[in-house]
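Shown next, in structure tokens, is the structure this report addresses.
Below, read A as the first sequence line, B as the second, and so on, with proteins coming before strands; counting in each chain starts at 1. Bear in mind the structure is a predicted one, so any value in this text is a computation, not a measurement. Side-chain atoms are counted along with the backbone in the values below, which use heavy atoms only and exclude waters and symmetry mates.
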Amino acid sequence: MAKREPVFALIDCNSFYASCERVFRTDLAKTPIVVLSNNDGCVIARSYDAKPFVQMAAPYFKIKDELRRHGVVAFSSNYALYGDMSERVMTIIESRVPSLEVYSIDEAFADLTGIPGDLTGFGRDIRETILKHTSLPVGVGIARTKTLAKLANHIAKQLPDEDQGVFNMCDPAVRDEVLRSSDVSDVWGIGKRMKTHLNAMGIETAMDLARADRWMLRQKFSVVIEKTSRELAGTPCLTLEEAQAPRHEICCSRMFGDRVMDIESLQQAVATYTQRAAEKLRAQHSLCKKIRVSIRTGMFNPDEARYANAALVELPYPTNDVRLMSKAATEAVNRLFRPGYRYSKAEVLLMDLRQPGEFTDDLFASAQPATATKVMEVLDAINGKWGRGTLRCASVPYEPGWAMRRELMSRSYTTKLDELWVVGKKLN
DNA sequence: TCTGGGGTCCTAGGACCC
DNA sequence: TCTGGGGTCCTAGGACCC
């Protein structure tokens, strides 16, 4: 029997955050929409019809009036809603493909190797099912490698409606045609810097990169670019990664709603971020040995005095005990704090993460006491049942003065009982 | 007044060891 | 005259992704 050729699909939601908002606001079906980053800082998603009016990452305060003039409606980001919608989409895809890698909140790679019959039809079927069950439009790219599937997906989004957002690039002739007409910067893994370097060497299109001297690519850049080149030429170098490995670092950082000047607020913020990071840490069953805390002022205003600094604290033993972690993190704030500055952001980064049992306990140092592990389990159980923050360290305020701005937030239509979508009753 | 929040991988270079 | 050759581990920094 002939060896089965590998086939990958990349399925991703179109303008995901904006589409999620639209699902529950049918009155905005024909209105351009943008979604803002945390703190209503800048634009992170645009509906298709908003794209002509707004640049990605444009600061909201600068373009507010312009948006209003064009009738573009803005939303604060509502991650509870997006996370829930994402799970629904992934569940549908998972039920139809042999194996799936959830790559981000709005996209997934699927292994279609060995699926008989017309793959384009298969892609259309998935797309229709998702649309029917969630009202979210997706694009499907199908090809021999992950990098090519990404490119196929990019093409799928530019197709006219009758092609239903599915593009199959398995045919070598079709693939070559696409490679020739795609700019090298459309390739997954080629950013702005790499484009500049490659262009300088005469590599302009995806086809140029596919045919470039691999040894030279590896010498001059890295093995990553070499793999990209091979993948474009049709040789799979990247595999589907179904099980998500535990993170090596866990980060929680936020801009403040307003500038902060006092040390108490910074301590509260850092305690709050540590709490959130510790939750993520325990969710992946890891322990952490080092914490890096950083604070900084705004970086954009030239008239404002700037300061940014970070401190690394090492814990006595690998732990997931939020009490120990908060104490260490807030002590770091005392070291970092300089009075007189207007702080805009703090960050807590958990580093040197380990799995229990993976490291050797030091003969003379202590390990996390069993009681602490138990206390954390109870803490997570209570917060899991009654909501995040029900039980917390005293240093974490309930309604902090420095909380981020989210003035344009939609409701938690799918995740809060008292905010459910009501059909047949006029909202807003 | 005001510009996000997560992550990943790779490489180079220094410290240290035998 | 003239000062090896590996190896490992760690960290910082660059580049990229969504």
Checklist entry - Which word best sums up how the rings of A/F109 and A/Y103 line up, parallel for under 30°, tilted for 30 to 60°, or perpendicular for over 60°? => result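 Perpendicular, since the angle between the ring planes exceeds 60°.
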
Item to check | Parallel, tilted or perpendicular: rings of A/W402 and A/F256 (30°, 60°) | outcome: perpendicular

Next on the checklist: I'd like the 5' and 3' limits of the part of DNA chain C contacted by chain A, with heavy-atom contacts below 4.0 Å.
Outcome noted: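 Range of nucleotides touched by chain A: C/dT11 to C/dC18.
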
Side-chain ion pair, [X] and [Y], N-O less than 4.0 Å:
{"X": "A/R406", "Y": "A/D40", "answer": "no"}
{"X": "A/E231", "Y": "A/K146", "answer": "no"}
{"X": "A/K327", "Y": "A/E331", "answer": "yes"}
{"X": "A/R254", "Y": "A/E347", "answer": "no"}
{"X": "A/R354", "Y": "A/D352", "answer": "yes"}

Determine the contact category for [X]: base if any of its heavy atoms lies under 4.0 Å from a base atom, sugar-phosphate if only primed atoms, P, OP1 or OP2 are that close, otherwise nothing.
{"X": "A/N38", "result": "sugar-phosphate"}
{"X": "A/Y60", "result": "nothing"}
{"X": "A/I105", "result": "nothing"}
{"X": "A/K64", "result": "nothing"}
{"X": "A/K227", "result": "nothing"}
{"X": "A/D106", "result": "sugar-phosphate"}
{"X": "A/E107", "result": "sugar-phosphate"}

Next on the checklist: Applying ring-ring contact (aromatic ring centres under 6.0 Å, His included) as the test, list every pair that has at least one member in residues 129-153 of chain A; sequence neighbours left out.
Outcome noted: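 Residue pairs with at least one partner in residues 129-153 of chain A: there are none.
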
Item to check | Pairing residues for A/E87 by the salt bridge (charged side-chain N to carboxylate O under 4.0 Å, His left out) criterion, not counting sequence neighbours | outcome: none

Next on the checklist: Please compare A/S222 and A/R296 by the position of their nearest nucleotide in DNA chain B and report the one closer to 5'.
Outcome noted: A/R296

Checklist outcome for this item: Residue pair A/V223/A/R342 against DNA chain B: nearer the 5' end by closest nucleotide is A/R342

Checklist entry - For the ring pair A/Y17 and A/F75, is the centre-to-centre distance below 6.0 Å? => result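 Between A/Y17 and A/F75, the centre distance exceeds or equals 6.0 Å.
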
Next on the checklist: Would you say the rings of A/F8 and A/W188 are close, in the sense that their centroids are separated by under 6.0 Å?
Outcome noted: no

Item to check | Under the 3.5 Å Watson-Crick or G-U criterion, the dot-bracket string of DNA chain C, with | for inter-strand pairs | outcome: ....||||||||||||||

Item to check | Min side-chain heavy-atom separation A/L151-A/V178 under 4.5 Å | outcome: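 Yes. Closest side-chain heavy atoms under 4.5 Å.
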
Checklist entry - Under a 4.0 Å heavy-atom cut-off, which of residues 205-218 of chain A touch DNA chain B? => result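 Under 4.0 Å from DNA chain B: no residue of residues 205-218 of chain A.
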
Item to check | For the student: nearest non-hydrogen atoms of A/Y317 and A/K289, plus distance | outcome: C-CD, 3.8 Å

Next on the checklist: Quick one: does any side-chain atom of A/S19 pair with a main-chain N or O of A/N14 as donor and acceptor, under 3.5 Å?
Outcome noted: yes

Item to check | Nucleic acid contacts of residues 182-201 of chain A, taken as heavy-atom distances under 4.0 Å to DNA chain C | outcome: A/V187, A/W188, A/G189, A/I190, A/G191, A/K192, A/R193, A/M194

